[in-house]
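First the structure, in the form of structure tokens, and then the observations on it.
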Amino acid sequence: MDFDFKFMIDTFFMALKGIPTTLMLTVTAMLIALPAGFFMAVVRRSKTPAASQLIAVYVSYMRGTPLILQIFLLYNLLPTVLNVLFQALHIPINIFNVSNSIYAIVIFSLCETAILEEVFRSALGTVDKGQLEAASTVGLSPFQGYIHIVIPQALVSALPVLCNTTTDLIKMTSLAFNMSVLDMTAIAKIQAAMQLSYIEAYLSIFFLYLILVLVIERIFGLVERRLRIYQKG
Amino acid sequence: MLELKGIHKNFGKHEILKGINITVEKGDVVAILGPSGSGKTTLLRCVNFLERADHGVINLEGVETNCKTAGKKDILRIRKKVSFVFQNYNLFKNKTALENVTTGLIVAQKLPREQANAVGKELLNKVGLSDKYNSYPCKLSGGQQQRVGIARAMATNPDIILFDEPTSALDPELVGEVLDVIKKLAKEGVTMMVVTHEMGFARDVANKIIFMDSGSVIETGAPREFFRAPKEARTRQFLKRFIDEPEYII
């Protein structure tokens, strides 16, 4: 077998162009999922009837089915359904013009929200209820108690897991090529197919993902060290 | 100044408080004694609505609040005047000692930071923690944490402080420093209700003892009579250890 080293390097630099897409998908999905997941965690912890059950079902669905299946379903089924619906209601939107990236963002956000709901739910549990009670005795409203006391501590205890889920998400976005989004993986796949040099192409993004994830881990490590001050005194 | 009338509380089918009536005058140091599970802590928690009593009226400085129907405003009014010291301190772990004291002032009362810090430092000095302003709770001993808890409770300049077994979570060597602080406050005329198992403290510092058992007040009295000649059989039984073996008191 001939190993085409030059091709691998070339693909590496071509796939670099996919990094903005990969990061865009990751960051956007994260920005949507962080508040959404947090909100759901708070609702579920408050045991609001109906709402908490609904969230539980949603989380079970997202966790209980492979992401690739969700992609196939949403990406193939939803536009068709919406199209029929829009036509029936005479809404002049051509659903097939919606960018593939939007679908990717929607599906990754939905998935990440379910994951983060669980992360935050357990993180909020690490802050003992007594502190919130103490906050109420010095005049803080429950909202202020959450903002000043509970959330800062919950975030810190969630950080290691957040780092994990972020790196997981980066790797998940490699499935975006199933929706014809040109991320790192898609670029490498196209190159590989054109040159019929699969190993080189895949190795190149193999390293690219590795580097990306290492950078993210490093950033989280720094942030964590800063925020953990109060645990070291 | 504080009057509790007919406080009832159930947890499910379990009746924890069976109609408690207590009056606290300004400057009183009221010690609430009783076996575990007698409802002492629940009673204290009902006063500032950490638990909501099922029935009863709280009269704080002439303003009556019905426990069952009290709204957010009523609760806030009471909490402004009644502060709480917890058994396990419940300090804000992400805040320094000073911030623990000032958070209520800055966030809830919108006091300027410098002003709040001045108040906070003064109170920390008072409880003997002038060198711990910037220490986080994890770096403080239990006794120091509880003293921060007391400073925090005093920050809002309350009319009455509720102590829920303030020394129960401390190891014996640290109990003294916390009790000393509470004694000092009592001497300054701070009104307080203290749920405690420290009989010596109750006898020496309190001017009124309330003995509770299974959700009712069994006996009320001045410490001298209470410890020397308890009227009720249940009280005598409870105090047996302390009366029979006086050397344990000291």
Side-chain angles (χ1 to χ4, degrees), chain A residues 34-35 38 41-43 45-49 119-163 220-233, chain B residues 44-45 47-51 72-73 75-97 99-111 116 120 132 134-140 145 148-149 151-158 161-162 164 169:
Chain A
L34 277 172
F38 188 84
V42 172
V43 171
R45 279 189 70 81
S46 72
K47 299 204 169 73
T48 316
V119 171
F120 285 131
R121 202 158 60 94
S122 70
L124 286 170
T126 63
V127 185
D128 56 308
K129 227 179 103 214
Q131 291 189 58
L132 205 55
E133 280 187 351
S136 78
T137 65
V138 297
L140 269 62
S141 66
F143 180 75
Q144 288 170 328
Y146 260 92
I147 294 289
H148 292 273
I149 311 297
V150 178
I151 294 178
Q153 291 177 55
L155 276 183
V156 170
S157 71
L159 263 178
V161 191
L162 275 183
C163 176
F220 267 96
L222 288 174
V223 172
E224 202 182 322
R225 219 169 54 197
R226 256 197 95 81
L227 291 180
R228 253 187 211 288
I229 283 181
Y230 70 83
Q231 291 179 340
K232 285 191 242 141
Chain B
L44 219 56
R45 289 170 63 85
V47 175
N48 74 342
F49 287 86
L50 288 175
E51 304 289 350
K72 266 187 191 164
K73 266 191 184 164
I75 295 175
L76 211 63
R77 194 191 72 86
I78 287 181
R79 282 186 179 160
K80 256 186 192 159
K81 298 185 177 181
V82 180
S83 56
F84 204 97
V85 175
F86 295 86
Q87 179 176 0
N88 47 1
Y89 337 127
N90 283 342
L91 293 189
F92 309 137
K93 294 201 182 81
N94 59 331
K95 307 264 184 202
T96 62
E99 288 167 343
N100 261 281
V101 182
T102 57
T103 297
L105 298 174
I106 295 170
V107 177
Q109 304 193 3
K110 311 283 179 222
L111 219 65
K132 300 287 182 192
N134 298 316
S135 304
Y136 286 96
C138 65
K139 286 284 161 185
L140 298 174
Q145 290 194 49
V148 174
R152 177 175 69 182
M154 301 207 314
T156 48
N157 197 18
I161 303 180
L162 311 175
D164 179 21

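Here is the naming used below: chain letters follow the sequence lines, and residue numbers restart at 1 for every chain. Treat the numbers as computed from the prediction; the structure is a model and nothing was measured.
A distance of 12.0 Å separates CD1 in Ile106(B) from CD in Gln144(A), rounded to the nearest 0.5 Å.
Counting non-hydrogen atoms of neighbouring residues, nucleotides and ligands closer than 6.0 angstrom, the NZ atom of Lys110(B) exceeds 12 such neighbours.
Of the two parts of Lys80(B), neither the backbone nor the side chain holds a non-hydrogen atom closer than 4.5 Å to a non-hydrogen atom of chain A. Neither the backbone nor the side chain of Ser135(B) has a heavy atom closer than 4.5 Å to any heavy atom of chain A. Both the backbone and the side chain of Thr103(B) come within less than 4.5 Å of a heavy atom in chain A. For Asn48(B), the part lying near chain A is the side chain, with the backbone staying farther off; criterion is any non-hydrogen pair under 4.5 Å.
Per-residue counts of heavy-atom pairs under 4.5 Å with chain A were compared for Leu76(B), Asn100(B), Asn88(B), Leu91(B); the largest is that of Leu91(B).
Residue Lys93(B) is tested with Val127(A), Asp128(A), Ile149(A) for a side-chain contact (heavy atoms from CB on, under 4.5 Å); the sole match is Asp128(A).
Listed by chain and residue number, Phe84(B) satisfy the ring pair (Phe, Tyr, Trp, His ring centres under 6.0 Å) test with Phe86(B) (two or more places apart in sequence, or in another chain).
Shortest non-hydrogen contact noted between Pro152(A) and Asn94(B) is CB-ND2, 3.4 Å.
Contacts between residues 130-139 of chain A and chain B, defined by a heavy-atom separation under 4.5 Å, are made by Gly130(A), Gln131(A), Glu133(A), Ala134(A), Ala135(A), Ser136(A), Thr137(A), Val138(A), Gly139(A).
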